[in-house]
Amino acid sequence: MIAYRREHGTGTTVLNGLLPDDPAREFVVRVHQPHLVRVKPGCTLELDGVELPMPERYSAF
């Protein structure tokens with residue numbers, strides 16, 4: 001199961017889901033895209049209560 005939510009005004013998109021392990025493990029992915037400043041989006045994975053920043057990759061604007 002996966003759920004999608006956009007946090008209005010913050011520039012953050014949140015993706016929640018369950019990994020099909022036994023027992024199922026919940027995860028959260030947050031993607032932050034600043035509106036006023038042209039910087040690369042930031043992405044964080046939260047799994048088992050630990051936040052893991054995802055490494056930056058080159059992307060053309």
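Predicted model only: the values in this text are computed from it and were never measured. This chain uses plain numbering: 1 for the first residue, then up along the sequence.
Looking only at side-chain heavy atoms (C-beta outward), V28 and L45 stay at 4.5 Å or farther from each other. Proximity of R25 to D48: side-chain heavy atoms (C-beta onward) are separated by under 4.5 Å at one or more points. Using a 4.5 Å heavy-atom threshold, the side chains of N16 and V29 count as separate.
For D22, the salt bridge (Lys or Arg N to Asp or Glu O under 4.0 Å) criterion is met by no residue, not counting sequence neighbours. The salt bridge (Lys or Arg N to Asp or Glu O under 4.0 Å) check on E46 picks up R30, with sequence neighbours excluded.
The nearest pair of heavy atoms linking L18 to F27 is N-CE2, 3.6 Å.
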Exercise. Under the side chain to side chain contact (heavy atoms under 4.5 Å, CB included) rule, what do L47 and L19 come out as? Steps first, then yes or no, please.
Key: CA-CA 10 Å; L47 183 62; L19 295 176; 3.9 Å; yes

